[in-house]
Amino acid sequence: MTQHPSASGPTSSPQDRAFHHDDTVRAFDGLAPRLKTLVQEIGRIVLGQETVIEHVLTTLLGGGHALLLGAPGLGKTLLVNTCAHVLGLEDSRIQFTPDLMPSDITGAEILEQDEQGRRHFRFLPGPLFGQLVLADEINRASPRTQSALLQAMAERHVTQGGKTWPLPKPFHVLATQNPIEQEGTYPLPEAQLDRFMMRIPLDFPAREAERRMLLQTTGATKRKAERIFSTAELLATQKLVRTLPVGETVVEAILTIVRGLRPQDETASAEVRQSLDYGPGPRAAQALMIASRARAMLHGRLSPSMEDVRVLAEPVLAHRLGISFAAQTQGVDARQLIAAQLKRLG
């Protein structure tokens with residue numbers, strides 16, 4: 001049995017469901033080769049980060065935000081700029097610092113005077129008004145500024161001067177965080193971490209990839225990526241992702257993993273109960289479902305499989321687990337708990 005989100009409801013007829021399925025298949029057939037080209041084009045510029053590229057594109061196709069976790073110099077900024085270019089998105093960058101104010105990112109109202117001498121306020125949008133926003137070193141911002149960003153990520157609009165200003169469509173935040181240097185930083189609150197569809201760690205590239213990087217980036221000319229998508233095409237693809245049918249086995253697997261990581265749930269193991277203060281909420285299950293659909297589409301499949309769930313469980317769930325202090329002192333981390341939960345699936 002398959003669940004089809006595009007159906008009109010429980011009373012939809014078999015003919016309606018078949019119609020929606022046929023539309024999805026036709027749209028998917030024309031899109032699959034372009035998605036493959038998209039991955040290859042980004043990979044020509046961002047070398048040695050194939051898994052990271054896949055996860056970032058999965059997040060964007062799923063309509064979400066991502067937290068990029070890695071040391072300086074691993075190409076996080078290059079990755080964001082390249083993704084923006086190939087997807088036809090307007091990019092924007094915010095360098096977070098402790099003295100950054102909310103109005104520095106959202107924008108502010110300025111007083112203007114026209115030719116007749118009449119004064120009025122005009123809203124001047126801040127750097128948050130981009131389609132793909134690079135929030136660099138997000139944990140250096142004060143909690144006050146982080147709360148302004150949280151509203152934008154959650155509601156897709158900002159409030160300034162008592163007015164609501166909608167953000168561009170699509171709107172995505174790719175935030176970076178340096179896990180090494182913690183001096184002068186503000187830990188992200190759990191509510192904000194939960195708004196990131198995925199936390200994506202970046203590691204150092206393999207030797208051969210770094211060799212190609214040296215030859216490609218230190219010459220007189222720089223390789224440039226070609227634009228593959230337009231903004232309208234990305235929006236259409238994001239809608240298509242949500243119409244992919246999901247098998248009952250995948251749905252049950254997602255529920256089993258997420259609920260099994262909640263210490264208060266009756267299905268939680270003794271290790272989870274002892275190690276976690278809190279587990280992932282329903283938004284985590286939704287994120288894993290959408291991300292599984294998006295990854296299946298990237299790989300040329302019309303429906304997600306258990307492989308998608310297994311691959312995405314850690315980046316989707318790890319930052320949503322509240323590991324207790326006692327468990328941390330014993331060396332327990334989110335990766336171990338998620339791996340144990342995946343083993344329970346068989």
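A single hydrophobic cluster is seen to contain both Val46 and Phe204, as judged by linkage of ILVMFWY side chains at heavy-atom distances under 4.5 Å, directly or through other members. Cluster annotation: Val246 and Leu255 are assigned to the same hydrophobic cluster (Ile/Leu/Val/Met/Phe/Trp/Tyr, side-chain heavy-atom contacts under 4.5 Å, transitive). Note: the hydrophobic cluster containing Val311 does not contain Leu35 (ILVMFWY, side chain heavy atoms under 4.5 Å, direct or indirect links). Cluster membership for Val52 and Leu174, using ILVMFWY side-chain heavy atoms within less than 4.5 angstrom, is shared. One hydrophobic cluster holds both Leu57 and Val80 under the rule that ILVMFWY side chains link at heavy-atom gaps under 4.5 Å.
Tested against Glu137 for a side chain to side chain donor-acceptor pair (under 3.5 Å), the candidates Gln177, Gln95, Lys76 yield a single pass: Gln95. With Arg335 as the fixed residue, the side chain to side chain contact (heavy atoms under 4.5 Å, CB included) test singles out one of Asp333, Leu337, Val332: Asp333.
The aromatic rings of Phe171 and His65 stand perpendicular to each other, their planes meeting at an angle above 60°, with 30° marking the opposite boundary.
The number of heavy atoms from other shown groups lying within 6.0 Å of CZ (Arg273) is above 12. Enclosure of atom CZ in Arg156 by more than 12 non-hydrogen atoms of other residues, nucleotides or ligands within 6.0 angstrom is indicated. Dense packing is recorded around CD of Gln336, with more than 12 heavy atoms of other residues, nucleotides or ligands lying under 6.0 Å away. In this structure, Arg144 places its CZ atom where only 12 or fewer heavy-atom neighbours from other residues, nucleotides or ligands lie under 6.0 Å away. Heavy-atom contacts from other residues, nucleotides or ligands closer than 6.0 Å to CZ of Arg301 number more than 12. Within 6.0 Å of atom CD in Glu208, more than 12 heavy atoms from other residues, nucleotides or ligands are found, so the atom counts as buried in its surroundings.
When atom types are taken as modelled, the side chain of Gln131 and the backbone of Lys169 share a donor-acceptor pair closer than 3.5 angstrom. No donor-acceptor pair closer than 3.5 Å links the side chain of Arg140 to the backbone N or O of Pro98. Between the side chain of His299 and the main chain of Asp308, no donor-acceptor pair closer than 3.5 Å is present. Looking at Glu41, its side chain never comes within 3.5 Å of a backbone N or O of Thr82 through a donor-acceptor pair. Put simply, the side chain of Ser92 never gets that close to the backbone of Val133: no donor and acceptor are under 3.5 Å apart. Of the possible donor and acceptor atoms, none in the side chain of His55 sits under 3.5 Å from a partner among the backbone N and O of Pro315. Without hydrogens or angle criteria, Gln49 side chain to Asp203 main chain gives a donor-acceptor distance under 3.5 Å. The backbone N or O of Thr164 lies less than 3.5 Å from no partner atom in the side chain of Thr159, so there is not a single donor-acceptor pair. When atom types are taken as modelled, the side chain of Gln151 and the backbone of Val158 share no donor-acceptor pair closer than 3.5 angstrom. Under a 3.5 Å cut-off, the side chain of Thr58 and the backbone N or O of Ala294 do not form any donor-acceptor pair.
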CA sep, side-chain torsions, deciding dist, call: Ile254, Val250, side-chain contact (heavy atoms from CB on, under 4.5 Å):
CA-CA 6 Å; Ile254 292 174; Val250 172; 4.1 Å; yes
Starting from the C-alpha separation in whole Å, work towards a yes-or-no answer on side-chain contact (heavy atoms from CB on, under 4.5 Å) for Leu188 and His319.
CA-CA 10 Å; Leu188 298 182; His319 59 292; over 6 Å; no
List the steps and the verdict of side-chain contact (heavy atoms from CB on, under 4.5 Å) for Leu38 and Leu87.
CA-CA 8 Å; Leu38 180 66; Leu87 290 169; 3.8 Å; yes
Decide yes or no on side-chain contact (heavy atoms from CB on, under 4.5 Å) for Gln216 and Arg44, but give the supporting numbers first.
CA-CA 10 Å; Gln216 179 172 309; Arg44 286 197 315 109; 5.9 Å; no
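Residues Met289 and Val251 meet the side-chain proximity criterion, which asks for heavy atoms closer than 4.5 Å. Side-chain atoms of Thr59 and His172, non-hydrogen and from C-beta on, never get closer than 4.5 Å to each other. Between Val173 and Arg195, the closest side-chain pair of non-hydrogen atoms is not below 4.5 Å. Side-chain contact check for Pro205 versus Met213: some heavy-atom pair is nearer than 4.5 Å. For the pair Val86 and Arg227, the minimum side-chain heavy-atom distance is 4.5 Å or more. Looking at heavy atoms from C-beta onward, Leu261 lies out of side-chain contact with Arg320 at the 4.5 angstrom threshold. Residues Leu67 and Leu193 have side chains in contact (heavy-atom distance under 4.5 Å, counting atoms from C-beta outward). Side chains of Phe196 and Met153 form a contact here, defined as non-hydrogen atoms less than 4.5 Å apart.
Leu244 approaches Arg293 most closely through the heavy-atom pair O-NE, 2.9 Å. The nearest pair of heavy atoms linking Pro280 to Leu317 is CB-CD2, 4.2 Å. Residues Gly279 and Leu321 approach most closely at CA-CD2, 4.3 Å, considering heavy atoms. Among all heavy-atom pairs drawn from Gly62 and Met197, the shortest one is O-CE, 3.7 Å. Summarising the geometry of Thr106 relative to Phe123, their closest heavy-atom pair is O-CZ, 3.4 Å, with the distance given to 0.1 Å. In this structure, Pro102 and Ala148 approach most closely via the heavy-atom pair CB-CB, 3.9 Å.
Rounded to the nearest 0.5 Å, atoms CG (Leu134) and SG (Cys83) are 11.0 Å apart. Remark: Ile110 CD1 to Leu124 CG distance equals 5.0 Å, nearest 0.5 Å. Between Arg34 atom CZ and Ile228 atom CD1 the span is 7.5 Å, to the nearest 0.5 Å. Remark: Phe229 CZ to Leu31 CG distance equals 4.5 Å, nearest 0.5 Å. Here Lys343 contributes atom NZ and Leu345 contributes atom CG; the two are 12.5 Å apart, rounded to the nearest 0.5 Å. Distance check: Leu342 CG to Ile257 CD1 gives 5.0 Å after rounding to the nearest 0.5 Å.
Note on Arg310 versus Glu307: no salt bridge recorded, every NZ/NE/NH1/NH2 to OD/OE distance being 4.0 Å or above.
Contacts of Ala318 classified as side chain to side chain contact (heavy atoms under 4.5 Å, CB included), with partners at least two apart in sequence or in another chain: Arg199, Glu314, Ala334, Ile338.
Residues Asp136 and Thr176 bring a donor and an acceptor atom of their side chains to less than 3.5 Å of each other.
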